[in-house]
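Just so we're on the same page: letters track the sequence lines, and every chain starts at 1.
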Amino acid sequence: MERYNFKTVEDKWQEKWQKARVFRSKVDHSKEKFYCLEMFPYPSGKIHMGHVRNYTIGDVLSRYKTLQGFNVMHPMGWDAFGMPAENAARENNLDPKEWTNKNIATMKEQLKKLGLSIDWDREISTCSEEYYKHQQLFFLELYEKGLVYRKENYVNWDPIDQTVLANEQVIDGKGWRSGAIVERKKLNQWFFNISKFSQELLDGLNELKQWPNKVKVMQKNWIGKSFGCEIAFKTEGSLPVKEIKCFTTRPDTLFGFSFLAVSVDHEISKHYLEDKKFQEFKKECSKTGTTEEAIAIGEKIGFKTDLVAINPLNPSQKVPVFFANFVLMDYGFGAVFGCPAHDQRDFDFAKKYDLDIKTVVKPNDANDNFEVKDEAYTGPGSLINSEFLNNLKVPDESILKTIDILEERKIGQKKINFRLKDWGVSRQRYWGCPIPMAYDKDGNVTTIPKKDLPVKLPENVDLNTKGNPLDAKTDWKNIIIDGKKFTRETDTLDTFVCSSWYYLRFCSSNNSEYGYKQEEIDYWMPVDQYIGGVEHAILHLLYSRFFMKALGYKNENFKFKEPFDGLFTQGMVCHETYKDKNNNWLSPDEIELIGNQFYKKGDHNHKVQVGPSESMSKSKKNVIDPAKIIKNYGADAVRLFILSDSPPEKDVQWSEQGMVASYKFLQKLWILHNKIKEKIKIENDQNLENENLKKFTNQMINKITNNLEAFNYNVIIANIYEIYNFINKIIDKEINGKILKQSYKKILILISPVVPHYSTECLSDLKILENVEWPKTDKSLLVEDKIDYVIQINGKKRAILNENRDIDQDSLMNKIKLNKLSEKYLKDKSIKKIIFVKNRLINLLINE
RNA sequence: GCCCUCGUGGUGAAAUUGGUAGACACAAAGGACUUAAAAUCCUUGCCAUUUAUGGAGUGCCAGUUCGAGUCUGGCCGAGGGCACCA
């Protein structure tokens with residue numbers, strides 16, 4: 001027997017699969033389809049362990065579904081536009097396209113080495129004209145439907161590099177490259193009207209039964225629906241301002257009104273342009289962090305205006321108007337009414353500026369003298385100190401009733417607000433999809449005629465210019481449409497646009513006429529299982545959901561509302577971190593273990609500090625290169641290990657020891673295979689283990705099938721080990737060769753989604769590679785004749801009796817009486833009560 | 001601050017509807033084989049006296065139940081999300 005040579009075996013089968021194009025998928029209405037999609041990678045250079053985990057999970061599922069008889073589509077592509085290409089190209093004086101395509105070639109080879117069942121005929125790359133020309137047409141279609149518009153918006157502006165920065169490029173308020181202090185600058189930008197679909201996007205979440213709840217909650221919070229009322233407050237003072245509109249979810253607390261606060265960007269701020277103190281205050285506000293957390297904990301500050309606002313329900317009450325740092329311009333009207341007693345933020349503010357705190361809600365168990373003291377009361381109860389609103393139940397009745405009254409008196413109006421903002425898609429970058437728009441000399445917008453699509457991204461662009469390289473490319477920028485001069489839009493699209501519809505493109509990746517073919521998306525869509533990282537829980541997944549709705553808007557051919565029927569978010573791959581004595585990160589390759597202590601490789605005086613296990617990242621150098629690992633241990637062993645240690649939705653700890661164990665296990669399995677191969681030849685009627693083997697195999701079919709369906713992939717690996725342990729124990733006993741062969745074939749199929757090369761090799765070795773399909777559980781075989789009955793006395797387990805199935809209570813009691821435990825526990829005791837659970841246990845309650 | 005999730009051996013983790021807690025693996029210790037080592041195989045796993053046996057035991061405290069890792073309430077701890085959201 002030769003040892004298992006993964007290299008020969010894996011190369012052989014990968015080549016055969018590729019030649020026979022076994023993973024090619026076609027529309028076939030005679031079969032039920034299954035569309036399995038993993039989030040496509042950014043072509044950064046080489047694959048990382050996160051990809052290995054993500055694509056292994058998807059591959060196990062695809063192979064399982066194929067064996068079950070589904071018509072499976074399992075495509076792969078490249079999210080190929082984006083800043084890293086532009087940065088790498090600039091640093092190394094390369095063409096971003098070349099850089100990207102080279103990376104794609106490398107990564108494709110690496111993915112192939114994993115033995116993934118991918119239909120490479122459907123491969124797409126978002127940076128190809130063939131892809132982005134359809135995207136430009138979609139853009140124009142959405143523009144025609146009124147779902148695309150242009151408006152001014154703030155950006156992070158780097159004054160030295162003359163460029164717009166993404167949030168992650170701003171470090172401590174400075175540009176990451178230039179170090180210049182980042183400015184807020186207003187630019188005209190393109191927007192997708194995603195907020196038009198706020199309610200639909202929210203409602204759609206209820207239909208997504210196979211999505212993790214966590215993701216749905218995150219999206220729900222992001223969409224942020226709130227029900228309330230808009231109120232116009234009359235104002236008086238030295239400024240020419242007659243009223244200020246506010247949005248509130250708590251109109252019922254209007255009698256607790258004690259100030260009105262507006263954003264520093266509010267319209268009335270134009271009266272303070274010359275006011276130095278106000279401008280200082282505004283600057284101060286911009287210093288406080290903009291995260292929700294920063295402001296919840298941070299200090300609330302205000303700037304008093306010359307205005308007072310009048311309480312519409314109590315016109316004799318006039319309260320001061322402030323600018324305040326906790327009021328946002330882009331939500332509601334950029335103005336709030338303050339009720340300190342029942343809003344913690346307002347409470348903090350009132351304390352600081354010594355404003356009235358009037359209690360108008362009391363908890364249900366408090367009396368009418370209840371008063372808010374140390375913190376705002378935001379819970380339920382009933383209204384007090386509120387004249388004609390008194391005694392209304394808070395919150396539901398009080399809010400609805402107050403809105404009715406406000407509407408009746410024409411002071412306010414019922415209103416639903418969403419926090420979801422429109423999606424700004426303009427990026428002042430070169431390496432992206434050009435926006436098919438142009439401007440005349442007066443700046444009026446026009447669309448590029450559809451016949452002139454695609455607007456090709458120009459080549460040979462100087463990336464070292466300041467600002468957007470496309471802006472400087474005048475021969476590309478200046479165009480003539482119908483004899484008139486125009487300049488092109490030089491912004492490119494956010495790369496999230498590319499990934500918002502790629503799942504549709506896979507259905508028709510070779511259709512050059514349009515982004516998809518109707519009959520093909522009708523067959524394949526929606527994606528049955530989408531798999532990827534939870535970091536895309538909000539933006540990518542919400543944008544994709546929006547894109548489906550936008551394409552379907554005023555388009556009766558569009559039949560499905562949600563792109564991803566099932567979603568699975570896998571955890572990250574982690575590794576210990578290492579630092580040398582100078583506090584520099586070290587990679588696992590740079591260290592060695594002697595005894596219990598890590599040392600720098602080759603320097604046994606240099607101890608290495610071991611840090612916590614964290615998600616693999618280049619900056620911390622705690623990365624393991626999958627290509628190397630695959631080369632050393634083989635794809636099957638890597639697949640086995642990456643699934644084995646933790647549930648796929650949780651983070652997994654990379655362990656070299658675990659990796660080696662998986663590798664060794666396949667070697668052991670191969671030794672067992674050869675024993676089985678010999679045993680199969682023996683015709684034997686004295687078959688002691690036949691029934692056990694049949695039953696065991698059937699149990700495993702049941703377990704593995706259920707675990708696959710539930711994504712318990714780590715348990716499947718445990719099941720595979722159980723299989724080994726079981727067969728290894730019985731293999732030297734007497735077994736009928738025919739029965740062994742039948743069971744073993746089923747077992748090889750069960751493990752094939754995880755270790756496809758190994759399993760195929762074994763099937764081929766035994767010449768049973770024909771008619772391979774997923775085995776079905778025989779329910780009748782799951783029924784055991786003998787059962788371990790748990791005997792409890794006063795709820796404590798005292799013994800286990802192996803007795804016949806379906807035995808009744810009296811018979812079981814008789815067995816117990818014959819048993820020695822009766823002598824020990826039941827002698828001279830009376831049994832008060834017997835709890836008998838059929839085929840499971842019996843619990844005897846006795847007097848102690 | 002708000003929202004969500006999760007707490008099980010030295011470690012990663014298993015455990016249909018409440019019904020044998022710790023499957024499976026990693027690590028460790030002891031043993032077998034070996035001149036020796038590696039590899040391989042076996043045993044052990046918390047507390048008590050020795051194989052056997054008994055006890056405690058799923059973050060902590062209560063509750064429901066014949067019976068709770070699982071259900072309910074409170075507390076403690078960890079992780080994740082958050083766009084100042086009125």
Side-chain angles (χ1 to χ4, degrees), chain A residues 167 212-222 224-226 228-229 246-251 253 261 263 285 288-298 300 324-339 343-346 348 375 378 417-421 534-535 537-538 613 641 644-647 649-653 655-662 664-665 668 671 702-703 706-707 710 712 714-725 728 788-800 824 832-837 839-845:
Chain A
N167 283 332
N213 210 38
K214 177 173 66 169
V215 174
K216 289 196 272 190
V217 169
M218 275 153 102
Q219 291 211 354
K220 192 180 164 206
N221 292 340
W222 196 261
K225 182 180 182 176
S226 54
C229 171
C246 295
F247 172 74
T248 178
T249 53
R250 293 300 303 274
T253 61
S263 159
C285 289
T288 39
T290 54
T291 66
E292 203 172 316
E293 186 193 358
I295 221 69
I297 302 167
K300 306 341 176 240
N325 65 340
F326 59 88
V327 184
L328 257 190
M329 195 53 225
D330 48 14
Y331 185 81
F333 300 100
V336 301
F337 90 76
C339 175
D343 181 295
Q344 190 57 42
R345 214 175 20 213
D346 296 348
D348 296 343
E375 57 176 353
T378 54
N417 245 343
F418 292 93
R419 67 198 289 215
L420 182 64
K421 292 176 197 163
V534 73
E535 67 272 20
I538 298 172
S613 182
F641 172 68
S644 68
D645 267 12
S646 299
E649 70 275 12
K650 283 176 61 173
D651 288 354
V652 66
Q653 163 87 29
S655 131
E656 189 76 22
Q657 275 158 333
M659 184 60 246
V660 171
S662 296
K664 283 183 183 167
F665 177 69
K668 276 161 62 176
I671 294 168
N702 189 43
K703 278 190 187 176
N706 291 340
N707 285 329
N712 296 331
N714 56 324
V715 188
I716 290 173
I717 309 306
N719 295 148
I720 294 176
Y721 276 93
E722 279 181 74
I723 289 172
Y724 171 84
N725 291 342
N728 199 41
D788 284 336
Y789 287 86
V790 178
I791 314 303
Q792 295 183 340
I793 290 167
N794 286 342
K796 276 199 171 134
K797 183 182 97 182
R798 291 300 178 192
I800 286 170
K824 192 165 173 188
K832 284 191 296 183
K833 195 178 173 185
I834 299 174
I835 290 109
F836 176 72
V837 183
N839 293 328
R840 199 153 257 169
L841 60 73
I842 188 162
N843 188 4
L844 309 179
L845 303 185

Winner on side-chain proximity to A:R840, out of B:G19, B:G81, B:C26, is B:G19
Categorize A:F247 for me: base, sugar-phosphate, or nothing, with a 4.0 angstrom heavy-atom threshold over every strand shown. base
Which heavy-atom pair separates A:V790 from A:K797 by the least distance, and what is that distance? CG1-CG, 3.9 Å
Considering only side-chain heavy atoms of A:A718, which listed nucleotide, B:C85, B:G12, B:A23, is closest? B:A23
Here the distance between atom P of B:G80 and atom CG of A:D651, to the nearest Å, is 9 Å
Give a yes or no on whether a donor-acceptor pair under 3.5 Å exists between the nucleobase atoms of B:U20, that is its base, and the side chain of A:R798. no
Is A:K703 near enough to B:U16 that one of its side-chain N or O atoms lies under 4.0 angstrom from OP1 or OP2? no
Anti versus syn assignment for B:G9, with syn defined as within 90° of 0: syn
Send over the distance from A:Q792 CD to B:A68 P, rounded to a whole Å. 9 Å
Considering just the side-chain nitrogens and oxygens of A:S644, establish if one lies under 4.0 Å of OP1 or OP2 belonging to B:G12. no
When rounded to whole Å, the CG to C1' distance for the pair A:N707 and B:U16 reads 11 Å
Between B:C71 and B:U17, how far apart are the P atoms? Round to whole Å, please. 10 Å
Given that both distances must come in under 3.5 Å, which nucleotide forms a Watson-Crick or G-U wobble pair with B:G57? none
Please determine whether side chain to side chain contact (heavy atoms under 4.5 Å, CB included) holds for the pair A:S644 and A:Y721, giving the CA-CA distance in whole Å, both sets of side-chain angles, and the decisive distance to 0.1 Å. CA-CA 10 Å; A:S644 68; A:Y721 276 93; 5.6 Å; no
Regarding A:N725 and A:E722, do their side chains bring together a donor and an acceptor under 3.5 Å, going by distance alone? no
Rounded interatomic separation in angstrom, taking CD from A:E649 and P from B:C6: 10 Å
Suppose we define a pair by two distances each less than 3.5 Å, Watson-Crick or G-U wobble; what does B:G77 pair with here? B:C6
Winner on side-chain proximity to A:Q657, out of B:C82, B:C66, B:A27, is B:A27
Please check the phosphate of B:A56 (OP1 and OP2 only) for any side-chain N or O of A:K796 closer than 4.0 Å. yes
Integer-rounded Å distance: B:C82 P and A:N221 CG: 11 Å
Rounding to 0.5 Å, atoms CG (A:N843) and CZ (A:F836) come to a distance of 12.5 Å
Roughly how far apart, to the nearest Å, are B:A68 and B:A56 at atom P? 12 Å
Could you measure between the two P atoms, the one in B:A13 and the one in B:G57, and give it in whole Å? 25 Å
Verify, without hydrogens or angle tests, whether A:N707 (side chain) and A:K703 (backbone) share a donor-acceptor contact under 3.5 angstrom. yes
Give one of base, sugar-phosphate or nothing for A:V327, where a contact means two heavy atoms less than 4.0 Å apart. base
Reckon A:K664 has a side-chain N or O less than 4.0 Å from the OP1 or OP2 of B:U40? yes
Residue-phosphate contact under 4.0 Å: A:N843 side-chain N/O, B:G19 OP1/OP2: no
Can a side chain N or O of A:N725 be found less than 4.0 Å away from OP1 or OP2 on B:A25? yes
5' precedence on RNA chain B between A:D346 and A:L420 (nearest-nucleotide basis): A:L420
Determine which nucleotide pairs with B:A27, using a 3.5 Å limit on both distances of a Watson-Crick or G-U wobble pair. none
By nearest heavy atom, map A:G334 and A:V217 onto RNA chain B; which one lands nearer the 5' end? A:V217
Among B:A21, B:C66, B:C85, the nucleotide that comes nearest once only the side chain of A:K797 is considered: B:A21
Using the C1' atom as the point on both nucleotides, what is the distance between B:U20 and B:A28, in whole Å? 27 Å
When you get a sec, tell me which of B:G19, B:C85, B:U20 is the closest nucleotide to the side chain of A:Y331? B:C85
Can you check side chain to side chain contact (heavy atoms under 4.5 Å, CB included) on A:S646 and A:N714, steps first, answer last? CA-CA 6 Å; A:S646 299; A:N714 56 324; 5.8 Å; no
Winner on side-chain proximity to A:E722, out of B:C85, B:C24, B:G12, is B:C24
Taking only the side-chain nitrogens and oxygens of A:K668, find out if one of them lies under 4.0 Å from OP1 or OP2 of B:C41. yes
What do you reckon, is NZ of A:K214 surrounded by more than 12 foreign heavy atoms closer than 6.0 Å? no
Strictly below 4.0 Å: does A:S226 bring a side-chain N or O up to OP1 or OP2 of B:C85? no
Selection from B:A14, B:C26, B:G19 that lies nearest to any side-chain heavy atom of A:V715: B:A14
B:G69 to B:U8 separation - P atoms, rounded to the nearest Å: 14 Å
Please report the distance separating the P of B:A39 from the corresponding atom of B:G30, rounded so that it comes out in whole Å. 15 Å
Classify the nucleic acid contact of A:K650 as base, sugar-phosphate or nothing, counting any heavy atom under 4.0 Å across all strands shown. sugar-phosphate
I'd like the C1' distance from B:G45 over to B:C6, given in whole Å. 26 Å
Starting from P on B:C41, measure out to CZ on A:F665 and report it in whole angstrom. 11 Å
One pair to check against side chain to side chain contact (heavy atoms under 4.5 Å, CB included): A:Y789 and A:L841. What are the steps and the verdict? CA-CA 5 Å; A:Y789 287 86; A:L841 60 73; over 6 Å; no
A:S646 near the nucleic acid: base, sugar-phosphate alone, or nothing, with a heavy-atom cut-off under 4.0 Å? sugar-phosphate
Paired with B:A13: which nucleotide, if any, by Watson-Crick or G-U wobble criteria at under 3.5 Å for both distances? none
From A:K664 atom NZ to A:M659 atom CE, the distance as rounded to the nearest 0.5 Å: 11.5 Å
Report the base-pairing partner of B:C82 (Watson-Crick or G-U wobble, both distances below 3.5 angstrom), or none. B:G1
Quick check for you: among B:C26, B:A86, B:G19, whose closest atom lies nearest to any side-chain atom of A:A661? B:C26
Touch check for A:N714, heavy atoms < 4.0 angstrom, all strands: base, sugar-phosphate only, or nothing? sugar-phosphate
Using purine N1 to pyrimidine N3 plus N6-O4 or O6-N4 for Watson-Crick, or N1-O2 and O6-N3 for G-U wobble, each under 3.5 Å, what pairs with B:G69? none
Just the rounded figure in Å: distance from P of B:C85 to CZ of A:F333. 17 Å
Pairing partner of B:A21 (Watson-Crick or G-U wobble, both distances under 3.5 Å): none
Atom-to-atom span, CG of A:L845 to P of B:C66 - whole angstrom: 8 Å
Quick one: closest heavy-atom pair of A:N794 and A:L845, and the distance? OD1-CA, 3.2 Å
Rounded to whole angstrom, note down the C1' distance from B:G10 over to B:G74. 32 Å
